Amino acid sequence: MTEDMRAANGLRQSLEDLPGSLIRHVAEPNMGKEDLLKLWFGEPDVPTPQFIKDAATAALDDNQVFYAQNRGVPELRKAISEYASNLHGRDIGIDRLTVTGSGMNAIMMISEALMSSGDNMVAVGPVWPNCKETVRIMDAEPRQVALRLGNDGRWKLDIDELFAACDDRTRAVFVNSPGNPTGWVMPREEQRALMDECRTRGIWLIADEVYIRLAYESDLPLGRAPSFLDIAEPHDRLIVINSFSKSWSMTGWRLGWITHPIDAGEAFEKLVEYNIANPTTFVQYAGITAIRDGEDFIAETLERYRRNRDIVVQRLGAMKRVTLSRPEGAFYAFFAVEGITDSVAFAQQLIDDVGVGLAPGLAFSEDGEGWMRLCFSAGTATVSAAMDRLEPVLG
Ligand SMILES: Cc1ncc(COP(=O)(O)O)c(C=O)c1O
């Protein structure tokens with residue numbers, strides 16, 4: 001490490017340069033407030049279902065409390081392989097799967113695997129900041145190509161702009177679909193075009209598909225979003241991130257997985273060893289039950305969120321100061337508010353004046369300034385009450 005890569009406290013300069021989360025900046029001082037409708041974080045509305053908790057308890061009783069294999073216990077990798085092969089209609093073998101200690105842990109390990117000083121990663125944004133900041137930790141540069149809202153209320157990606165943002169130091173393109181905060185779902189034809197271009201240029205494609213099971217306008221079986229795994233070949237330089245957090249209501253359990261080419265398996269085995277040694281053992285056994293028996297729960301969750309989305313689209317979309325992007329997936333409404341230039345200050349104003357906690361658009365990059373994110377995975381009554389409170393300010 002050279003002198004200029006070191007901060008005054010002796011730690012890496014890149015850590016000092018990392019921005020803190022603006023979502024937390026708004027939320028933390030206001031968490032204890034009473035009568036506040038908190039729609040700022042991306043969390044499911046109901047706790048983990050009992051049958052998954054029971055599986056964790058049984059695993060504890062069975063003393064699944066010791067170290068396990070780096071890449072996940074074989075039973076979980078097999079269960080994920082069956083689930084993914086069924087979902088994508090093609091064989092996804094366990095040699096392409098590594099279990100991780102959450103989607104976030106996967107994002108960090110992928111940065112460690114790909115990024116060196118001077119490299120860059122081009123992300124489609126606005127996007128959850130964590131997807132890009134890990135690149136900065138590795139002294140590489142996150143770039144962003146912004147989606148634009150069309151007159152029909154749907155996001156559009158200019159794929160040529162995305163290709164133009166890549167250069168010979170671009171190691172990866174990062175796509176999060178369904179997207180946080182936009183609710184954008186990348187159409188199949190664009191996935192094909194991007195996959196082809198990445199193949200031609202030898203650029204890795206990182207697909208964050210943690211919201212794949214939450215798609216509201218899908219004609220695919222099980223109502224899920226299109227996935228790069230539907231079209232990729234096993235040797236493609238593609239890494240797909242998945243998580244138990246959102247679909248199975250398991251945000252606090254910290255469990256996820258990645259799908260990667262077979263020959264990347266050994267590297268990820270080492271990265272898991274040096275990051276966490278292995279994902280929590282008894283949690284992995286709960287994961288087996290979640291993935292094998294969780295389909296009814298996912299279907300119910302999707303219907304509940306669909307109801308909430310329809311309320312938000314109808315009511316927020318009708319408010320005069322609001323330009324709403326139509327959420328096609330995930331569980332966020334991202335909207336521009338006429339006349340605001342400081343989304344952080346506006347978030348505080350909404351908390352103080354009407355008791356609704358939202359995330360400021362600036363948290364998701366400069367392109368998000370003037371926008372707000374509302375998470376509609378809360379209970380339907382809470383979402384409706386938030387609409388009642390927002391109407392006098394935004395209507
Ligand atoms: C786009 C995206 N990717 C990854 C994650 C990480 O999920 P987890 O670390 O809970 O698995 C989140 C969480 O909000 C997210 O929004």
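Everything numeric here is computed off the predicted structure, so don't read it as measured data. Order of appearance sets the numbers: ligands from 1, and atoms from 1 within every ligand.
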**Student:** Taking the ring of Tyr332 and the ring of Tyr211, is the distance between their centroids below 6.0 Å?
**Tutor:**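 Yes, ring centres under 6.0 Å apart.
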
**Student:** Are Asp310 and Arg307 close enough for a salt bridge, meaning some N to O gap below 4.0 Å?
**Tutor:**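 So Asp310 does not pair with Arg307 through a salt bridge.
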
**Student:** For the residue pair Arg201 and Cys166, what are the closest heavy atoms and their distance?
**Tutor:**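 Closest approach of Arg201 to Cys166, heavy atoms only: NH1-CB, 3.3 Å.
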
**Student:** State, without any angle test, whether Asn278 and Gln69 hold a side-chain donor-acceptor pair at a distance under 3.5 Å.
**Tutor:**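 There is no such pair between these side chains.
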
**Student:** Could you pull out every N or O of ligand 1 that sits under 3.5 Å from a protein N or O, with the distance for each pair?
**Tutor:**
unit_1   : atom_1 : unit_2 : atom_2 : d
ligand 1 : 3 (N)  : Asp208 : OD1    : 3.4
ligand 1 : 3 (N)  : Asp208 : OD2    : 2.5
ligand 1 : 9 (O)  : Gly103 : N      : 3.4
ligand 1 : 9 (O)  : Met104 : N      : 3.0
ligand 1 : 9 (O)  : Arg254 : NH2    : 2.8
ligand 1 : 10 (O) : Ser245 : OG     : 2.6
ligand 1 : 10 (O) : Arg254 : NH1    : 2.9
ligand 1 : 11 (O) : Gly103 : N      : 2.7
ligand 1 : 11 (O) : Ser243 : OG     : 2.6
ligand 1 : 11 (O) : Ser245 : OG     : 3.3
ligand 1 : 14 (O) : Lys246 : NZ     : 2.7
ligand 1 : 16 (O) : Asn180 : ND2    : 2.8
ligand 1 : 16 (O) : Tyr211 : OH     : 2.8

**Student:** Is there a donor in the side chain of Thr251 and an acceptor in the side chain of Glu43, or the other way round, less than 3.5 Å apart?
**Tutor:**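 Yes, a side-chain donor-acceptor pair sits under 3.5 Å.
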
**Student:** Is Arg389 reaching over with its side chain to a backbone N or O of Gly355, donor-acceptor style, under 3.5 angstrom?
**Tutor:**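 Flag set: sc Arg389 to bb Gly355 pair under 3.5 Å.
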
